[in-house]
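Below: one structure, written as structure tokens.
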Protein chains: 2
Amino acid sequence: MNEMEVSMANVEDRNDLPTKPIPEPTLRRLPLYYQYLKKVRDEHKGDFISCTQIGNDLSILPIQVRKDLGIAEAVGKPKLGYSIDELISIIETFLGWNNTKDAYLVGVGHLGTALLGFERFKEYGLNIIAAFDIDKEKIGKTIHGVKVFHLGKLHDMVKRMGIKIGILTVPASPAQELTDEMVRAGIRAIWNFSPVKVNVPPDIIVQHENLASSLVVLAKKLTLARQNQS
Amino acid sequence: MNEMEVSMANVEDRNDLPTKPIPEPTLRRLPLYYQYLKKVRDEHKGDFISCTQIGNDLSILPIQVRKDLGIAEAVGKPKLGYSIDELISIIETFLGWNNTKDAYLVGVGHLGTALLGFERFKEYGLNIIAAFDIDKEKIGKTIHGVKVFHLGKLHDMVKRMGIKIGILTVPASPAQELTDEMVRAGIRAIWNFSPVKVNVPPDIIVQHENLASSLVVLAKKLTLARQNQS
DNA sequence: TAGATTGTTAATCGATTAACAATC
DNA sequence: TAGATTGTTAATCGATTAACAATC
């Protein structure tokens, strides 16, 4: 490959489609680094940090930290490490936390209410600007600064505001129907906290948050640990 | 390998340690199959179901369904498929949902309250039998059938009841301290809903539930989909 | 019987981990 | 300078997917 080809490849990578896929495990670890780095910054112990340091503190192999940071396009200095401030800002940019995305939440039960109270979401570029329910007790109220509307208004409001992200915090039974309704209105990505898998057209993104799955992993690890120690 | 060796190997696998590790992705999919199978059973469309059918409905490759069910030690009939009832019962047994595990919950905020209300956990063998907080408003109250105690009673109650699972639903700041306290008292597995990674001794299990990580995956997929379609 | 489906072994794919030259 | 650390290429590992004989 000659110099011309190299520079062409760079241009393609940065400006053109398709963007190369980022490994999901890396994507999931970046927020961990971010939270850790902000803590470290507040301790004022220096301006630079090494992968060895990060890895030790987070129980992740240093080489993996280096790979992840490389994918996020961070650049370090041999012997010194990475600038903490720069790293924080690079992760923010890479994950798109600078430009906020608006979202609607459907289902103001216990979990929905809890999510409405997560101030932290704003830090991660997510802004829940309205909630929907069918319970007359809740409609019209403002919960954690977010107004609750009747579900019947969902379609028009999604259309009018051009909302792309929907958060689904409802029981199993109405989950599919409400998903269909959101998709019809123009929602492109659904964060699904309901206990069932919902079906969507191929161009719609669904992120299924399944507490049962997580609990199973925890419980099985506990059982295996007991067996192997006995 | 002769017949003797084969039978010896079987005996070891079934009765002796160490139990062979189960792939975590499989473990996470099993509850999905379970929820789906219960729905199918209630529709009374027949007694048997094939991997093709399950896979189509859940958007999972049939061969992967077959692998997963095999790992859970399910046995099917060529041409017919698997008995739905048998499959449900095999998953319940394999995941240990028959014998309930008691747990304590620490931090009765919005999320903690929501988790206390999840009746579904009982189905998955998890029984939250007490909650702890430092807020005098909450102490002494019963939320969703679970009594809230002062945090100071955690240590003695864990010891006395032999509780092994702790659910941590607190903000970042007290998370590590409360983890240490739980471990000292005898907790062996922590389901961590706090926004920070907590450090534990090597024999303690931590399952970190990180909403920021999930949100990042959702948002990045949405961004990539837009770029590739433009 | 014929054909769909299981169970198992092999091939592929992608993420993790190792190796090592470049460098502040 | 010497040594720790980065960035990159190669090796390993484990999960997914494919292939195919056995079978109700």
Side-chain angles (χ1 to χ4, degrees), chain A residues 1 6 9-10 13 18-30 32-33 37 40 46-84 86-87 90 94 213 217 220-221 224, chain B residues 1 6 9-10 13 18-30 32-33 37 40 46-84 86-87 90 94 213 217 220-221 224:
Chain A
M1 202 186 256
V6 169
N10 281 344
D13 274 7
T19 321
K20 82 179 109 175
I22 300 130
E24 190 173 313
T26 297
L27 228 36
R28 288 189 169 272
R29 279 188 296 266
L30 285 172
L32 255 61
Y33 301 143
L37 289 165
V40 169
D47 292 339
F48 287 80
I49 192 161
S50 72
C51 290
T52 318
Q53 183 72 52
I54 299 175
N56 281 347
D57 290 346
L58 293 177
S59 313
I60 297 174
L61 286 178
I63 173 68
Q64 181 147 77
V65 176
R66 204 147 75 244
K67 261 277 159 70
D68 287 340
L69 297 182
I71 288 169
E73 289 160 34
V75 176
K77 290 195 176 68
K79 163 87 178 152
L80 262 178
Y82 300 80
S83 151
I84 296 173
E86 203 180 296
L87 222 41
I90 277 176
F94 185 76
S213 291
V217 175
K220 203 75 190 180
K221 279 185 194 161
L224 289 178
Chain B
M1 201 185 255
V6 169
N10 281 345
D13 275 6
T19 321
K20 83 178 105 173
I22 300 131
E24 190 173 313
T26 297
L27 228 34
R28 289 189 168 272
R29 280 188 296 266
L30 285 172
L32 256 61
Y33 302 141
L37 289 166
V40 169
D47 292 338
F48 286 81
I49 192 159
S50 73
C51 291
T52 318
Q53 184 71 52
I54 299 175
N56 281 347
D57 290 344
L58 293 177
S59 312
I60 296 174
L61 288 177
I63 172 67
Q64 181 148 79
V65 177
R66 205 147 76 246
K67 261 274 158 73
D68 287 340
L69 297 182
I71 288 170
E73 289 160 35
V75 177
K77 288 196 176 67
K79 165 86 177 154
L80 262 178
Y82 300 80
S83 152
I84 296 173
E86 203 180 297
L87 222 41
I90 277 174
F94 185 76
S213 291
V217 174
K220 203 74 190 181
K221 278 185 194 161
L224 289 178

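Chain A is the first sequence line, chain B the second, and so forth, proteins listed ahead of strands; every chain is numbered from 1. No experiment lies behind these values; they were computed from the predicted model shown.
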- In 5'-to-3' order, the base (B), backbone-only (S) or no-contact (-) status of each nucleotide in nucleotides 5-12 of chain C, using a 4.0 angstrom heavy-atom cut-off, is BBBBBB--
[X] [atom1] - [N] [atom2] separation (whole Å):
X: E24(A); N: dA15(D); atom1: CD; atom2: P; result: 16 Å
X: D68(A); N: dG14(C); atom1: CG; atom2: P; result: 18 Å
X: L27(B); N: dA15(D); atom1: CG; atom2: P; result: 11 Å
X: L30(A); N: dA15(C); atom1: CG; atom2: P; result: 14 Å
X: L61(B); N: dC13(C); atom1: CG; atom2: P; result: 14 Å

- Query: If every non-hydrogen atom of A72(B) is compared with every non-hydrogen atom of I90(B), which pair is closest and at what distance?
  - Reply: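 For A72(B) versus I90(B), the nearest heavy atoms are O-CG2, 3.3 Å.
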Listed partners of [X] passing side-chain contact (heavy atoms from CB on, under 4.5 Å), at least two apart:
X: K79(A); answer: none
X: D57(B); answer: Y36(B), Q53(B)
X: I71(A); answer: I22(A), P23(A), T26(A), F94(A)

- Does E24(A) have any salt bridge (charged side-chain N to carboxylate O under 4.0 Å, His left out) partners at least two apart in sequence or in another chain, and if so, which?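 R28(A).
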- Where each pair must be Watson-Crick or G-U wobble with both distances under 3.5 Å, what dot-bracket representation of DNA chain C is obtained, with crossing pairs in [ ] and other-strand partners as |? ..||||||||||||||||||||||
- Approximate separation, where rounding is to 0.5 Å, of K67(A) NZ and I60(A) CD1: 15.0 Å
- dA15(D) phosphate, OP1 or OP2: any side-chain N/O from R28(B) under 4.0 angstrom?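 No, no such contact exists.
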- Message: Is it the case that over 12 heavy atoms from other parts of the model lie below 6.0 angstrom from the CG atom of D47(A)?
- Response: no
- Query: Is there side-chain contact between L87(B) and Y33(B), with at least one heavy-atom pair below 4.5 Å?
  - Reply: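 No. Closest side-chain heavy atoms not under 4.5 Å.
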